[in-house]
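Following: one structure in structure tokens, then a few remarks.
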Amino acid sequence: MAAKYSIPRGTFDILPENSYKWEYLKTTFKKVCETFCFKEITTPIFEKAELFERSSGESSDIVQKEMYKFTDKKGRVFALRPEGTAPVVRSFVENNLDKSSPVNKLFYYGPMFRYDRPQKGRYRQFYQFGAENFGSKTPYSDAEMIAMAYSFIKKLGLKNIRLEINSLGTKSSMENYDQALKEYFTPHFDDLCPDCQKRLEKNPKRLLDCKVKSCKQIAKDAPNLLEYLSDEDAKHFEEVQKFLKLMNVPFVINPKIVRGLDYYTNTVFEFLNDNLGAQNAIIAGGRYNNLVSEVGGNNIPAIGFAGGFSRLLLSLEIENLFMGEQSKPDIYFAAIGQEVKESATKIIQELRINGFKVEFDFEKGSLKSQLKSANKLKTRFVAIYGEDEIQKKSLVIKDFFDSSQEEILVKDVINYFSKKIS
RNA sequence: GUGGGUGUAGCUCAGUUGGCAGAGUACAUGAUUGUGGUUCAUGGUGUCGUGGGUUCGAGCCCCAUCUCCCACCCCA
């Protein structure tokens, strides 16, 4: 053992025995997105570091300490993407997608990178899926986005997941609220945990979801964000709720949801699974009406979400749900003797070209061991080919379902299996 | 970045007061030479995470280091 090289900390291999599960998640997500008429977009896994510094907020932890930054040979500073929204916005702006269509509905998935301490549901290279809607500012588009995430969760069959929504309002109401929070918490300053004392200046909304008991106690009577929304923002939020109800998407309002990235405005939402431990957010997102212009585009409203595949997988495992199936051979080709095996390769290639999944072991000797392999691979059909069959230009086909056997002519083999295997 | 736990066969794990490295499972082969599943027999591998130290002797004790797990933090 004692392998010479080991995998980098906080990363993981997806081995053959699990690959199909990831594939299942990806294809299911894709299918759901397509029912909402979203189109796939793929961007590079690295971008100019500045893109993330600008979009996520200079002060966020992601930018401050979690980015994998590097400099290329010409001194350009890049970062492995820590999240998916900024690159999609960059591509949207750079390719002038808004010019050819007033609304663009996009989805993506792929690896993201953050230098975090690894933990359950948290890795340094992790796989996210996400979707963005550019160009639509109606409350309906907020609800549609949430409904799409909800549909994905439903499609997977997950039950123990709840949706929480909130509205942060626009910039002015957010500033008013921050001010109110500061006024409320400052008299209690000495009773706050050290983290919260820091947060009070930097990002007072963070005080609301502190886990320290004493802070929680103080935060209980803090001013409510929803009361600081402008009339217009409040109306928007109410309309979103109206559409969610119409679409039968159950939710609860949690005025304490705060998103980690600076760019959110108005609606924010989280899909949570409390059985996952500390990293309980499965899908999270919100509206970001100012980000496109901030990255250099026109003043285009947008809303989106992102989710983590491994947290989703954990959730599926906990609820013991279907996670796709490993691909298995249609036919195991058992040939007896070296000369027969050589002659078999021609038939096998013919079968494979016609789309059948055919397993064949050129080295295994006895028929018995080949049948054992076929059984282990859960193959239904075994084609038995030996001296007798060569003479007769035939094949014996054994069906493991009922242990029946029949002899067919080699020239009919494609036809035969076309009927047997759909 | 901080704290707690952890590491022994491919996998899941035993391993006594420090005294020859173990089980289950999986894998491979075989049971009158062309018929799987069940059964039986046989077989193999370990730098005991890594590097030091204590000791006649270390899987076990001490120090360091790394990994993974859990929590803080942060977030998907």
Side-chain angles (χ1 to χ4, degrees), chain A residues 1-12 15 17 56 59-66 81-85 109-131 149 193-196 198-199 203 206 209-212 257-261 269-273 276-286 304-315 332 334-337 340 363-389 396-405:
Chain A
M1 251 215 344
K4 194 168 174 184
Y5 298 108
S6 56
I7 193 166
R9 177 158 203 212
T11 66
F12 54 91
L15 297 173
E17 66 200 59
S56 302
S59 68
S60 71
D61 275 19
I62 291 180
V63 167
Q64 286 281 304
K65 44 191 188 191
E66 295 176 7
R81 60 183 181 195
E83 56 106 22
T85 297
Y109 46 68
M112 309 289 163
F113 306 83
R114 287 183 205 172
Y115 189 88
D116 250 1
R117 185 103 175 231
Q119 196 182 319
K120 184 173 189 173
R122 188 171 80 184
Y123 301 94
R124 288 183 176 180
Q125 174 171 341
F126 56 105
Y127 297 84
Q128 277 196 343
F129 54 91
C193 71
D195 283 330
C196 282
K198 267 181 252 153
R199 288 192 268 241
N203 190 353
R206 279 266 165 228
D209 59 7
C210 181
K211 282 166 192 164
V212 178
I257 293 185
V258 195
R259 309 277 39 261
L261 304 169
F269 57 94
E270 292 183 348
F271 289 84
L272 304 167
N273 182 348
L276 292 187
Q279 310 300 322
N280 64 348
I282 284 197
I283 298 176
F305 67 73
F309 276 130
S310 47
R311 292 183 189 179
L312 218 43
L313 207 55
L314 278 175
S315 306
Y332 190 100
I336 306 141
V340 180
E363 293 170 44
K364 266 199 162 55
S366 69
L367 175 61
K368 187 170 196 142
S369 67
Q370 295 186 70
L371 286 171
K372 266 189 184 173
S373 293
N375 191 59
K376 208 166 60 188
L377 293 167
K378 298 186 165 68
T379 315
R380 177 170 173 184
F381 296 103
V382 178
I384 299 170
Y385 194 53
E387 296 291 346
D388 298 352
E389 286 78 12
V396 171
I397 307 298
K398 187 177 174 76
D399 183 343
F400 275 166
F401 269 25
D402 52 11
S403 295
S404 66
Q405 235 171 252

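Here is the naming used below: chain letters follow the sequence lines, and residue numbers restart at 1 for every chain.
- In this structure, A:L367 reaches the bases: a heavy-atom distance under 4.0 Å links it to at least one base atom across the strands shown.
- Put simply, the side chain of A:Q370 and the base of B:rG34 share no donor and acceptor less than 3.5 Å apart.
- Residue-level contact check: A:A374 touches neither bases nor backbone, having no heavy atom under 4.0 Å from any strand.
- Rounded to the nearest Å, the gap between the C1' atom of B:rC69 and that of B:rU55 is 33 Å.
- Atom name P, nucleotides B:rG34 and B:rA21: the rounded distance is 44 Å, in whole Å.
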Would you list the protein and nucleotides 24-31 of chain B atom pairs, both N or O, that sit under 3.5 Å from each other?
unit_1, atom_1, unit_2, atom_2, d
B:rA28, OP1, A:K376, NZ, 3.3

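- Among the atoms of the strands shown, only primed sugar atoms or phosphate atoms (P, OP1, OP2) are found under 4.0 Å from some heavy atom of A:D195.
- Here, B:rC70 and B:rC13 have their P atoms 14 Å apart, quoted to the whole Å.
- A sub-4.0 Å separation between OP1 or OP2 of B:rA76 and a side-chain N or O of A:Q128 is absent.
- Side-chain atoms of A:R122 come within 3.5 Å of backbone N or O of A:R117 as a donor-acceptor pair.
- Residue A:R199 is in sugar-phosphate contact alone, with no base atom involved, counting any heavy-atom pair closer than 4.0 Å across all strands shown.
- Here A:F400 counts as stacked on B:rG36: its ring centre is under 5.5 angstrom from the base ring centre and the planes meet at under 30°.
- No donor-acceptor distance shorter than 3.5 angstrom exists from the side chain of A:E270 to the backbone of A:L272, with no hydrogens or angles considered.
- To the nearest 0.5 angstrom, A:F12 atom CZ is 5.5 Å from A:Y127 atom OH.
- Following rounding to the nearest Å, A:E17 (CD) and B:rC11 (C1') show an atom-to-atom distance of 9 Å.
- Contact annotation for A:G10: backbone-only contact, meaning every heavy-atom pair under 4.0 Å involves sugar-phosphate atoms and none involves a base.
- Residue contacts for A:Y123: at a heavy-atom cut-off of 4.0 Å it reaches a base atom on one of the strands shown.
- Rounding to the nearest 0.5 Å gives a distance of 16.0 Å between NZ of A:K378 and CZ of A:R380.
- Looking at heavy-atom distances under 4.0 Å, A:G84 makes no contact with the nucleic acid at all.
- Taking the P atom of each, B:rG24 and B:rA9 are spaced 16 Å apart, rounded to whole Å.
- Considering only side-chain N and O atoms, A:R122 lies nowhere under 4.0 angstrom from the phosphate OP1 or OP2 of B:rA76.
- A:I7 has its CD1 atom 11 Å from the C1' atom of B:rU67, to the nearest Å.
- Across all strands, A:E66 comes closer than 4.0 Å only to sugar-phosphate atoms, never to a base (heavy-atom distances).
- One C1' atom belongs to B:rC11, the other to B:rC56, and the distance between them is 38 Å to the nearest Å.
- Residue contacts for A:L312: at a heavy-atom cut-off of 4.0 Å it reaches no nucleic acid atom on any strand shown.
- Checked by distance alone, A:Q279 brings no side-chain donor or acceptor within 3.5 Å of a matching partner on the base of B:rC70.
- Counting any heavy atom pair closer than 4.0 Å across all strands shown, A:E83 reaches no nucleic acid atom.
- Counting heavy atoms from C-beta on, the side chains of A:N375 and A:V382 never come closer than 4.5 Å.
- What separates CG of A:L15 from C1' of B:rG10 is a distance of 12 Å, to the nearest Å.
- A donor-acceptor contact under 3.5 Å is not formed by the side chain of A:N375 with the base of B:rG37.
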